[in-house]
Amino acid sequence: MLTLALIQTRPRFLDVAANWHSAAALIERTEADVFVLPELFLSGYTFSTADQAASAALTQDSHVFDAIRELSAARGIAVCGGYAESANNTLYNSAFLIADGRLLANYRKTHLFYRETQFFAPGDSGFLTVEYRGARFGIMICFDWIFPESARTLALMGAQVILHPSNLVLPYCQQAMYARSVENRVFIATVNRVGRETNSLGDDLTFTGRSQVVSPNGEYLLRLNETEETVRTVAVDPAVADDKQLNIFNTILADRRPQMYHPSMRR
Ligand code: ACM
C-alpha cells in the first residue's frame, strides 16, 4: 500500500518562495509516501506576457529545488508538482517528481491550453513512467486530459498510478478523468488548484478545485471541494491497476483492436 497526499493550493501569483513555503508547511504536517501538487503551483497561472512567465521560471539549479530535494530526502517521500521550467532558452510547462532527494522525472506538458501556447513551448519529454516504492507512476499535466491518448499511453507504458497536476477551469474535467481511470483501469490523482486570477489581457479564470483520486474500478477514493486550500490523504494498492480484466471475457488494453482504428492510431 502507498499513501498519496493531494495538496490543493491557492498560489500567490509570481511568488515562488511563498508558494513553496505554504506547500512545504502542508507537507510537513502530513504523513504520506507521495505528495502531489497542482500544475504551476510555484508561480500561479494567468500570465500576461512571456516575460512574466519567464520571471517565475526555474531551472533545475534553482534554490527551491534544493529545498524540495532536501525535504524529500529528510522525510523519505516523493513530491510531484508543476512549475514553469526554463531550459535551453525555452520555457516549458513542466512537472517534476522528486523522491528521496533525487529528480526521478521531469515531464514537459504535451498539450498546451489556451494562452499557454503563447508563453510555453510544447513539451518534448514525451510521456514518462517511473518506479518508486515498488509502484509505477506516470505523469500528465492538466489539459493533457482532453486527449485520451495521454492516459492511454501511460497505461500502455505500465503506469499503475497517474499523477495529474492541474489548473482546471472547464467544469467537466474531473468527470472526464473518471472515464480516463476506468477505461485504462489505473489510479488517477488529479490535483487541482483553487482561487481566481485575472491578467492584463482580460482573462478572468476561476480554478475549480475538486481534486480527486479515482480507482481502476471507478471508485472515487477522495474528492476535495471547490474552494479549500487543503491536504488530504488516501491509501492505494497500486497492484490493483495490474488487473485489467473487466469480466471473464474482456481484458482492457489486451482487447484493443488497433487495426480497426484510424491509421494514425494503429501503433
Ligand atoms: C490547463 O491545462 N491548465 C487547463
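Numbering of ligands and ligand atoms starts at 1, following listing order.
Considering only residues two or more places apart in sequence or on other chains, Phe137 meets the ring pair (Phe, Tyr, Trp, His ring centres under 6.0 Å) condition with none of them. With sequence neighbours excluded, the residues that form a side chain to side chain contact (heavy atoms under 4.5 Å, CB included) with Ser181 are Ile188, Val214.
Through direct or indirect side-chain contacts shorter than 4.5 Å among Ile, Leu, Val, Met, Phe, Trp and Tyr, Tyr83 is connected to Ile7, Val16, Trp20, Leu26, Ile27, Phe35, Leu37, Phe41, Leu42, Leu58, Val64, Phe65, Ile68, Leu71, Ile77, Val79, Phe96, Ile98, Leu103, Val231.
Under the 30°/60° scheme for interplanar angles, the aromatic rings of Phe47 and Phe119 are found to stand perpendicular.
Between Asp204 and Arg196 there is a salt bridge, with a side-chain nitrogen of the basic residue lying less than 4.0 Å from a carboxylate oxygen of the acidic one.
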Evaluation steps, side-chain hydrogen bond (donor to acceptor under 3.5 Å, both in side chains), between Thr208 and Asn192
CA-CA 7 Å; Thr208 58; Asn192 195 14; 3.0 Å; yes

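Protein residues lining ligand 1, listed by chain and number: Glu39, Tyr45, Lys109, Phe113, Glu116, Cys142, Phe143, Asn167 [non-hydrogen atoms, distance under 4.0 Å].
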